[in-house]
Amino acid sequence: MAPKRKAPAANGRPSKRVASGVSTPVSTRTTSDDDYDEDDEMPEDDDLQTPAKYDNTVKKFQPSTYARTKDYPSGDPASHLFKAKHDFFDEPLKADHRLRPLWIDPENGRVVLETFSPSFKRAQNFLINIAEPVSRTTNMHEYTISPHSLFAAVSVGLTKEDIIKDLELFSKTKVPENIKQFVHQVTESFGKVRLVLKHNKYFVESNDAKVLQMLLRDEVISQCRVQDTDELMTEKAAKKGALVIPGTREAVGVPNQAQAERQQPQKRDEADEEDSDDEFGGREAEKDMAEFLREEDDEDDEIDQVHSFEIDGEKIQQVQEHCNVKLNLPLTEEYDFRADEVNANLDIDLRPSVQIRYYQEHALSKMFGNGRARSGIIVLPCGAGKTLVGITAACTVRKSAIILCTSAMSVMQWKEEFKKWSNINPEDIAIFTSGEKQKLNHKAGVVICTYSMVTQNTRRAHDSKQVMDFIMGREWGLMVLDEVHVVPAEMFRRVTERIKTHSKLGLTATLLREDDKIKDLNFLIGPKLYEANWLQLSEEGHIARVQCAEVWCPMTTEFYSEYLQAKTTNKRSLLSTMNPRKFQACQFLIDFHERRGDKVIVFSDNVYALKQYATGLKKPYIYGDTGQRERELVLQNFQQNDAVSTIMLSKIGDTSLDLPEATCLIQISSHYGSRRQEAQRLGRILRAKRRNDEGFNAFFYSLVSKDTNEMYYSSKRQAFLVDQGYAFKVITHLNGIDRMPNLAYANQQERMTLLTDVLLQSETAGGVEDIKDDLFSDRNVRRVDHKGKKSGVKRQAGTLSSLAGGENMAYMEYAKGRNKALAQPRNAFFRKEERQKERRSKAAREMLE
DNA sequence: CAGACCGGAA
DNA sequence: GCGGGTCCGGTCTG
């Protein structure tokens, strides 16, 4: 059957996003529900203004995919349920709705999960299989059911019956009919067609010959077929058996039953999850699911014939994209590695003492759920053990593996981790970077290299070419793509063309890009198989608990006046960064945290500012031009020398630098609204060694110059972390800063000197492009907000004691509705006509100080 | 080992 | 809707 092409978007019903009107399913229901004893336990409207989608990985729910019938003249069965205002639907609650945690929005497939429900954990385990997490905060989780998420669900073995049954189980209302239809329709077409590699050739394979014949009639696909082959080949399907993932309880001989929980099997490290007495069982539910996924292959359908046709290896991306985007018939990639007798086995296993954590097991069981290796993406926060997941995958497949990293440094780290966690013969690991070009001695092995080494297009050094030919010429069992969010980049995506591999595992902490290419990963690599919940991991002590705060630093009169007159955005951001009040705040915070015994990292994107701050505060710093030796020296001192408690880094430190000592992080300048940079910087302190100390907290400060574009970008940047459940506190005044001795730029003279220097700097360094119009014109805003959504930053009014060591800081209590003003600065105080007013009041305030 | 060059970020 | 201008890392060359 030909899959239905998507109908044009507009068919009789506006595809209105559900805005604030429907954002309150819980409050509208529960405020009238007197059984919730504590009103303040309930989220308020503001809390529910979770940001709408923050990336484009998810295709919007498309009601228009339903055929119009006499029953559903509007094209879907739910429209008539909506009043003009798109209020929440009138479906009656089930009698025992309080036990059920899900609200399902029939219009767009959004699902809201109450975290305080007794069946929360079970519902969550179910939801992460079938839906895409959008936002997971303390009380509310928001998910979206999308074609891609359902694709992932099917590819880990769930059937449409499973999905609908469990939706019904957890939903407070009857599952809307159109959601059921949507699930039905999507699951019908998914998982039918596979892409397989055999003897270095790619085949499109299916159990259903008709689907393949249909594909071959497609113009794009037929062009990619290898022409002189038989139209369809038919062979017997391979047999499957039980598989054990190394490092799991099963593998180390611990009975995989609930009772075994209390035996406390040996731990990988000091931090392990606590047992849960919850009847709906956190850990147990996780494990049940893992077990379920592992065992599910026993009941797999008995199909004994598969059909296939060959496609041109050069054109697989084209085929994948076409099938995924145009035909809505994504190619699943599965590697039956145990049946592979062509490729040599690799002698590798995890060291016997190594046991992976439950979420790693859960992630991997989704990859290996049916005894084969499925291609896909696993999302884990920094410091949660991504590398070990990759290594365990390699130990499961036990074929030649190739690991791709973004930098040579991370290549070295992977090699070390392989030696640490697995028993692989060090000779079987080869490094391939510009510096080192090792070769494999045996038939099978692990190659670790950088993306750029593989994708290099220009002339190659002789030895480099040799190694490349080797890599491209052979067939790999597993390709691990570290920092997989870089793969959609024009150059880097070539790796999937150049390297012939049976399975692909993408790893990242932040599946985000500010462009819309992230969705390409769906066909370049595969579906997102697992995404960890940051909040949960930090509660369990796997990653550090972090207090986030935004410190508002008023601009001084001189700086603000120059700021308003500045002709270029560069000059403006430099002035905001070099704001003396910000410098003072930075000085104060460093001093404050050094006294507490914290190790502090200060981040600045701007190199000039970095040097100024570092020399002014007499702290060592590292940036791009810093030589290798000096870098190591600084880092080593930071780790070991008590006298060096603070270092300053440019964006060199955003990724890959592993600094387990750091416990406090201060940002003074950042790259526009990059949510990924924000998340990655936070990641620097998530692996803090001291994270399991009693009451330990790591700190993350963003210093923001008030009333500048930094305010706007800051709220953008936080969006991702807010979705992960982090609350940003706003600090408007640092108590005690006035009494601080040796405060920099305390007098006018010093400030003027600095200003002169900054102005000089911005003249010489910056271009002279004029700011055409308003600072927040679409031109400047689009990049960080291409969907025009509110960022929905959750501001949490802090109590004085809530921030450990925060006794000296005053928090702003946020008035309701303040969020909106912040997220939409064009409506607030940035309008041109208000600038004059602002300047006057600014000057007045300065005088009062 | 510096410097040219390219590509990524966003 | 496109491409800023800048920093950074990797690779190759001399």
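Residue numbers start from 1 in every chain, and the chains themselves are labelled A, B, ... in the order their sequence lines are given, proteins ahead of strands.
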Taking salt bridge (charged side-chain N to carboxylate O under 4.0 Å, His left out) as the test, write out the residues that go with A:Glu416, two or more places apart.
A:Lys419
Applying a 4.0 Å non-hydrogen cut-off, can you work out what A:Tyr623 is touching in the nucleic acid: base, sugar-phosphate, or nothing?
sugar-phosphate
Can you find a side chain N or O atom of A:Ser674 that sits less than 4.0 Å from OP1 or OP2 on B:dA9?
no
Taking a pair as Watson-Crick (N1 to N3 plus N6-O4 or O6-N4) or G-U wobble (N1-O2 and O6-N3), both under 3.5 Å, which stems of 3 or more consecutive pairs involve DNA chain C?
B:1-9 with C:6-14
Which nucleotide wins on minimum distance to the side chain of A:Ala489, given the candidates B:dA10, C:dC12, B:dA9?
B:dA9
Which listed nucleotide (C:dT11, C:dC12, B:dA10) is nearest to the side chain of A:Glu514?
B:dA10
Phosphate OP1/OP2 of C:dT11: any A:Ser434 side-chain N/O under 4.0 Å:
yes
Please report, rounded to the nearest Å, how far the C1' atom of B:dA10 is from the CG atom of A:Asn606.
17 Å
Find the distance A:Gln680:CD to B:dG8:P and express it as a whole number of Å.
17 Å
If the condition is side-chain hydrogen bond (donor to acceptor under 3.5 Å, both in side chains), which residues does A:Trp476 pass it with, not counting sequence neighbours?
none
Please determine whether a side-chain nitrogen or oxygen atom of A:Arg717 lies at a distance below 4.0 Å from atom OP1 or OP2 of B:dA10.
no
Measure from OH on A:Tyr451 to P on C:dT11 and round the result to the nearest Å.
14 Å
Residues that A:Glu497 engages under side-chain contact (heavy atoms from CB on, under 4.5 Å), provided they are two or more places apart:
A:Gln317, A:Arg494
Measure CZ/A:Arg493 against C1'/B:dG8 and give the value in whole Å, please.
14 Å
From C:dG9, B:dA9, C:dC12, nucleotide with atom closest to A:Arg631 side chain
C:dG9
Which listed nucleotide (B:dA9, C:dG9, B:dG8) is nearest to the side chain of A:Ile652?
C:dG9
Would you kindly give the CE-to-P distance between A:Met491 and C:dT11, to the nearest whole Å?
15 Å
Can a side chain N or O of A:Arg513 be found less than 4.0 Å away from OP1 or OP2 on B:dA10?
no
Within less than 4.0 Å of OP1 or OP2 of B:dG8, is there a side-chain N or O belonging to A:Ser452?
no
Here's one to test your reading of the geometry: is the NZ or CZ of A:Lys619 within 45 degrees of the ring axis of A:Tyr613 and under 6.0 Å from its centre?
no
Of the listed nucleotides B:dG8, C:dG10, C:dC7, the one nearest the side chain of A:Val607:
C:dC7
Toward the 5' end of DNA chain B, which comes first, A:Gln677 or A:Arg629, by nearest nucleotide?
A:Arg629
Interatomic distance where CE belongs to A:Met409 and P belongs to C:dC8 [whole Å]
14 Å
Could you state the NZ-C1' distance from A:Lys517 to B:dG7, rounded to the nearest angstrom?
11 Å
Which one, C:dC12, B:dA10, C:dC7, comes nearest to the side chain of A:Lys651?
C:dC7
Using a cut-off of strictly less than 4.0 Å, decide whether A:Ser650 has a side-chain nitrogen or oxygen near OP1 or OP2 of C:dC7.
no
Expected output: side-chain A:Arg684 to main-chain A:Gln680 donor-acceptor under 3.5 Å:
yes
Pairing residues for A:Glu562 by the side-chain hydrogen bond (donor to acceptor under 3.5 Å, both in side chains) criterion, not counting sequence neighbours
none
To the nearest angstrom, the CD-P distance between A:Glu436 and C:dG10 comes to 13 Å
Evaluate the ring planes of A:Tyr563 and A:Tyr560, with Trp represented by its six-membered ring, and classify them as parallel (under 30°), tilted (30 to 60°) or perpendicular (over 60°).
parallel
Residues in salt bridge (charged side-chain N to carboxylate O under 4.0 Å, His left out) contact with A:Arg676, at least two apart in sequence or another chain:
none
